[in-house]
Number of protein chains: 2
Amino acid sequence: MLTQTFNAPAIKTQIGGKIAPAHPVSDQFGAIAGHVGLVATEFSYRKEEEIYGEDESAEYVYQVVTGAVRSYKLLSDGRRQIGSFHLPGDVFGLESGTTHRLAAEAIIDTTVRLVKRASLEKAAATDVQVARKLWAMTAGELRHAEDHMLLLGRKTAMERVATFLLEMDRRLAVAGMMALPMCRRDIGDYLGLTLETVSRALSQLHAQGILGFSGARHIVLRNRARLHNLDA
Amino acid sequence: MLTQTFNAPAIKTQIGGKIAPAHPVSDQFGAIAGHVGLVATEFSYRKEEEIYGEDESAEYVYQVVTGAVRSYKLLSDGRRQIGSFHLPGDVFGLESGTTHRLAAEAIIDTTVRLVKRASLEKAAATDVQVARKLWAMTAGELRHAEDHMLLLGRKTAMERVATFLLEMDRRLAVAGMMALPMCRRDIGDYLGLTLETVSRALSQLHAQGILGFSGARHIVLRNRARLHNLDA
DNA sequence: CGTGTTCTTGAATTCAGTCAAACGGTGTGG
DNA sequence: CCACACCGTTTGACTGAATTCAAGAACACG
């Protein structure tokens, strides 16, 4: 039944277990799955592969092990709004209701751990600690969405790009360098801009010496203070 | 202690109790407060009065009885993004963490019912049904935020105003007429537009016969189908 | 080492914003 | 009860930030 829902390679089943996100964070999945002794299945998606569609039944909850995922909504004419990027360690696809409110795709080759939503619900029905944790995770997503509404509704192009860089720096920088998994179009669709506007803003920051490039997707922040100033 | 946190008139305490929203909806507050037998206090705010500030400690959870409330974030230079409007029946100010992520103000004279967050937490710690309900309410807010990100990031001015009208029609229309409690600036700050752009869009819809006015804030939708078409 | 994709840059356009003035509805005081 | 004043709204004219359209350049990949 798994193989019908997912058409992908090797499946590896395990209990609990640790993953290694870029920065040490409380392993939210472990805090649930491990705690309750749920079986977590490991699964892989290729670059650009769909993980689930908008309004699709929410069978599983996911955690990125390696790779990167985008969650988005589409308008009928194809305009896209990416609500968030999911990086190693992040949980995504968690729903309180029965359907996914956004679609999810692998940006690059990605491995996830997943557990059945039903089993989490069941654990939450008896264990108040689990219920509390699920609420806290949804509340965390809400916080991000609220911050992002401010960005989309009121910030300038340069402020949006500055916010994005600081967010990615915090979430995936290793040794001061960040390797962006997503293209300029993805960044634009996350920030409510066109890819050209994103590119121009990055070029301007480069010209001002605020950041350095090693190829378009490897960025070093050279002056976080000035970037903070540009971020309203 | 209540009188120190809130500087307002008559306080009326009661247990559970029903309120009458514009449309019959499951009384979310009752579903918790009533169920657990929590004491709900009634309280009033005058037009433009602050209910709580951004990053303020979340002491209480609120439900609008009569009136209307706006939740918003500010940038340092005063730019404002309203995340949502709270109308009779709506619960607001519910946090999983300890602080309010947005500020809240009464748009017009408003009466709310409120319960201590701590007492809800306590109820949730022993009653899984309560915990489930709190999660569902936060998830409902997240759904709205996700829809609103799409609007703010990707919709045109006319599409935003059309979406707004359909939302308000659904939430507060009585006998086909909606009495908007908020001014054009509030609508603009909700939709990521200026008040002038909102006004122009409304005038255009009026000229096309899609809506009728009875004073600037009383609107009748005359053609919901065409409004839906304008909403991407 | 090509080849296709992604990214950058330029030029022209456009949608919404800004600034400014007039209008109108509401509430108050004469 | 009417006149006035004030605030919110509408409308107009102009501006400007971001988009669109269009080449080229750089990069990743086989």
Short heteroatom pairs, N/O only, protein and nucleotides 11-17 of chain C, under 3.5 Å:
residue, atom, partner, partner atom, Å
C:dA11, N6, A:R200, NH2, 3.4
C:dA16, OP1, B:A157, N, 2.7
C:dG17, OP2, B:T194, N, 3.3
C:dG17, OP2, B:T194, OG1, 3.1
C:dG17, OP2, B:T197, OG1, 2.4

- Message: Suppose we screen for side-chain contact (heavy atoms from CB on, under 4.5 Å). Which residues come up paired with B:D109, at least two apart in sequence or across chains?
- Response: B:R46, B:K47
- Query: Who pairs with B:R200 by side-chain contact (heavy atoms from CB on, under 4.5 Å), at least two apart in sequence or on another chain?
  - Reply: B:E196
With [X], which residues qualify under side chain to side chain donor-acceptor pair (under 3.5 Å), at least two apart?
| X | value |
| --- | --- |
| B:D147 | A:K73 |
| B:Y72 | B:E105 |
| B:T111 | B:S44 |
| A:T197 | A:T194 |

Whole Å only: how far is the [atom1] atom of [X] from the [atom2] atom of [N]?
| X | N | atom1 | atom2 | value |
| --- | --- | --- | --- | --- |
| A:L180 | C:dT6 | CG | P | 15 Å |
| B:F213 | D:dG8 | CZ | P | 17 Å |
| B:H206 | D:dT11 | NE2 | C1' | 15 Å |
| B:I219 | C:dG25 | CD1 | P | 14 Å |
| A:R184 | C:dT9 | CZ | P | 10 Å |
| A:E196 | D:dC21 | CD | C1' | 9 Å |
| B:D186 | D:dG8 | CG | C1' | 12 Å |
| A:M182 | C:dC7 | CE | P | 11 Å |

- Message: Show every side-chain hydrogen bond (donor to acceptor under 3.5 Å, both in side chains) that has at least one partner inside residues 74-87 of chain A, sequence neighbours left out.
- Response: A:S71-A:H86, A:D77-A:R79, A:R79-B:E159, A:R80-A:D186, A:R80-A:D189
I'd like a list of close polar pairs between nucleotides 27-30 of chain D and the protein, N/O only, cut-off under 3.5 Å.
none

- Using the C1' atoms of five pairs at each end, what's the angle between the two axes of the helix from C:dC1-D:dG30 to C:dG30-D:dC1, to 10 degrees? 40°
Show me, pair by pair, the donor-acceptor contacts under 3.5 angstrom made by side chains of residues 210-224 of chain A, not counting sequence neighbours?
residue, atom, partner, partner atom, Å
A:R217, NH1, A:P181, O, 3.2
A:N223, OD1, A:A225, N, 3.4
A:N223, OD1, A:R226, N, 3.1
A:R224, NE, A:D169, OD2, 2.7
A:R224, NH2, A:D169, OD1, 3.0
A:R224, NH2, A:D169, OD2, 3.3

- Message: Could you check whether A:D55 and A:T99, counting side-chain N and O atoms only, form a donor-acceptor pair closer than 3.5 Å?
- Response: no
- Item | A:R117: partners by salt bridge (charged side-chain N to carboxylate O under 4.0 Å, His left out), with sequence neighbours left out | A:E121
- Item | Nearest heavy atoms of B:E48 and B:I107, plus distance in Å | OE2-O, 3.6 Å
- Message: What contact category does A:S199 fall into here, base, sugar-phosphate, or nothing, at under 4.0 angstrom with non-hydrogen atoms?
- Response: base
